[in-house]
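Indexing begins at 1, ligand by ligand and atom by atom, following the structure's order.
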Amino acid sequence: MKKLEQLYEGKAKKVFATEDPDVVIVDYKDDATAFNGEKKGTIEGKGVINNRMTNHVFKLLEKEGVPTHLIEELSDRETAVKKVEIVPLEVIIRNVAAGSFSKRLGVEEGTPFQEPTIEFSYKNDELGDPLINSYFAVALGLATWEEIDTIKKYAFKVNEVLKAYFLQADIKLIDFKIEFGRFHGEILLADETSPDTCRLWDVNTNEKLDKDRFRRDLGNVEEAYNEVFKRLGLA
Ligand code: C5P
């Protein structure tokens, strides 16, 4: 597959056109940002880990009935994916209180929930990705009710599959963010699922094995990404 012109450069990935208008190539970078781009850095080897891990997880999810944009892994950092129109919503599922939830509601980090929660943020850098609800999303024309229902159904399914997947590696899935896209009228899971977009804690010690190590200057960032990669048998 031939890589043509660059279509887009995001915080962690570049996207290139191919000869097929329905296919793009995603190229994962080692660049890391946090707090809406205010904090910048590099996590060496992250691009390779996030590419491999996302593709592995997406294949697993396909088998479990969640359609994804994945076509084919092309190299360590490059993957061919279906060219979707991203639904401008960050979909966040939480199993345990942490991060912005703990801050907003004054609930101590690590407090488990009775049931998983779902929330939506409006993907808008200028506004800092504000929290919205599904009525806002429909009112603003970001998605239809039918799409919201599909997204919710898939998001909770992703949670069920990933909770079990990480647990067999002695990792607790605290929360995660996913994104969806439209492809010829169908909703597909898109973007990535990696230690950049999930909170992953060691099941015994609660040690953080994810991007919070970078966000909060906890040190051993690369080691944590490598540990997850190794435990999942992907290294
Ligand atoms: O910061 P907050 O607690 O809202 O994050 C919830 C989850 O969503 C975390 O796993 C975090 O890594 C992920 N997230 C993300 N990209 C963002 C915001 C949050 O991947 N822009």
Side-chain angles (χ1 to χ4, degrees), residues 8-13 26 28-41 43 46-47 49-51 53-54 57-58 61 68 86-113 115-133 137 142 151-152 154-156 158-163 165-167 171-181 189-203 206-218 221 224-225 227-228:
Y8 167 82
E9 177 159 9
K11 294 175 193 133
K13 295 186 278 300
V26 180
Y28 285 75
K29 306 189 286 182
D30 285 350
D31 298 353
T33 63
F35 313 119
N36 204 16
E38 268 171 50
K39 184 181 169 90
K40 289 192 176 72
I43 302 174
K46 166 173 94 80
I49 291 176
N50 290 4
N51 181 42
M53 183 168 155
T54 297
V57 163
F58 278 21
L61 289 167
T68 79
I86 288 286
V87 178
L89 294 172
E90 297 201 331
V91 181
I92 294 170
I93 296 271
R94 301 178 192 269
N95 296 304
V96 174
S100 68
F101 185 98
S102 289
K103 209 167 167 186
R104 188 177 307 115
L105 296 172
V107 179
E108 197 185 337
E109 268 208 338
T111 309
F113 294 146
E115 279 188 32
T117 65
I118 189 164
E119 72 202 49
F120 301 109
S121 292
Y122 177 26
K123 265 176 75 71
N124 183 315
D125 282 341
E126 253 169 65
L127 299 175
D129 300 337
L131 184 68
I132 63 171
N133 65 32
L142 308 180
I151 286 172
K152 280 189 188 162
Y154 288 158
F156 283 115
V158 170
N159 188 42
E160 285 312 309
V161 174
L162 292 193
K163 258 197 319 193
Y165 173 64
F166 285 116
L167 203 55
I171 294 169
K172 258 191 289 191
L173 178 62
I174 303 299
D175 56 32
F176 61 93
K177 184 263 310 179
I178 46 181
E179 295 183 21
F180 292 89
L189 181 65
D191 195 52
E192 66 177 286
T193 296
S194 69
D196 270 11
T197 61
C198 302
R199 282 200 174 91
L200 304 169
W201 294 3
D202 180 89
V203 85
N206 282 342
E207 185 190 358
K208 294 176 173 43
L209 299 171
D210 56 62
K211 196 174 165 188
D212 271 347
R213 301 206 74 84
F214 168 77
R215 295 188 189 102
R216 302 180 186 187
D217 293 320
L218 300 176
V221 184
Y225 278 67
E227 176 68 20
V228 172

How far is [atom] from its nearest protein heavy atom, and which residue and atom is that?
atom	answer
atom 2 (P) of ligand 1	Ser100 OG, 3.3 Å
atom 6 (C) of ligand 1	Arg199 NH1, 3.5 Å
atom 18 (C) of ligand 1	Glu90 OE1, 3.8 Å
atom 9 (C) of ligand 1	Asp175 OD1, 3.1 Å

Examine distances only and state if a side-chain atom of Thr54 and a backbone atom of Asn50 form a donor-acceptor pair shorter than 3.5 Å.
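Side chain of Thr54 to backbone of Asn50, a donor-acceptor pair under 3.5 Å: yes, one is there.
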
Looking at Ser102 and Val107, would you say the former's side chain and the latter's main chain have a donor-acceptor pair under 3.5 Å?
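Yes, Ser102 side chain to Val107 backbone: donor-acceptor pair under 3.5 Å.
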
Test: Lys11 and Asp125 ion pair at under 4.0 Å
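Answer for the salt bridge query: yes.
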
Quick test of your reading of the model: are Asp191 and Lys13 salt-bridged, counting only N-O distances below 4.0 Å?
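Result for this pair is yes, salt bridge flagged.
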
Is the centre of the Phe113 ring less than 6.0 Å from the centre of the Phe101 ring?
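So the answer is yes for these two rings.
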
From the options Arg104, Lys123, Lys103, Lys177, select the one whose nearest heavy atom is closest to atom 13 (C) of ligand 1.
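Nearest heavy atom to atom 13 (C) of ligand 1 lies in Lys177.
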
Has Arg94 got any heavy atom lying under 4.0 angstrom from an atom of ligand 1?
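The answer is yes, since Arg94 has a heavy atom less than 4.0 Å from ligand 1.
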
Where ligand 1 meets [X] - atom numbers and elements under 4.0 angstrom, heavy-atom basis:
X	value
Arg215	11 (C), 12 (O)
Gly99	3 (O)
Asp196	12 (O), 20 (O)

Quick one: look at Cys198 and ligand 1, take heavy-atom pairs under 4.0 Å, and tell me if it's side chain, backbone, both or neither.
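Under 4.0 Å from ligand 1, Cys198 contributes backbone atoms alone.
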
Cation-pi geometry met for Lys172 and Trp201 (6.0 Å, 45°)
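Lys172 over Trp201 ring: no.
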
Check whether Phe214 forms a cation-pi arrangement with Lys39 (NZ or CZ under 6.0 Å from the six-membered ring centre, at most 45° off the ring normal).
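Yes, a cation-pi geometry holds between Lys39 and Phe214.
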
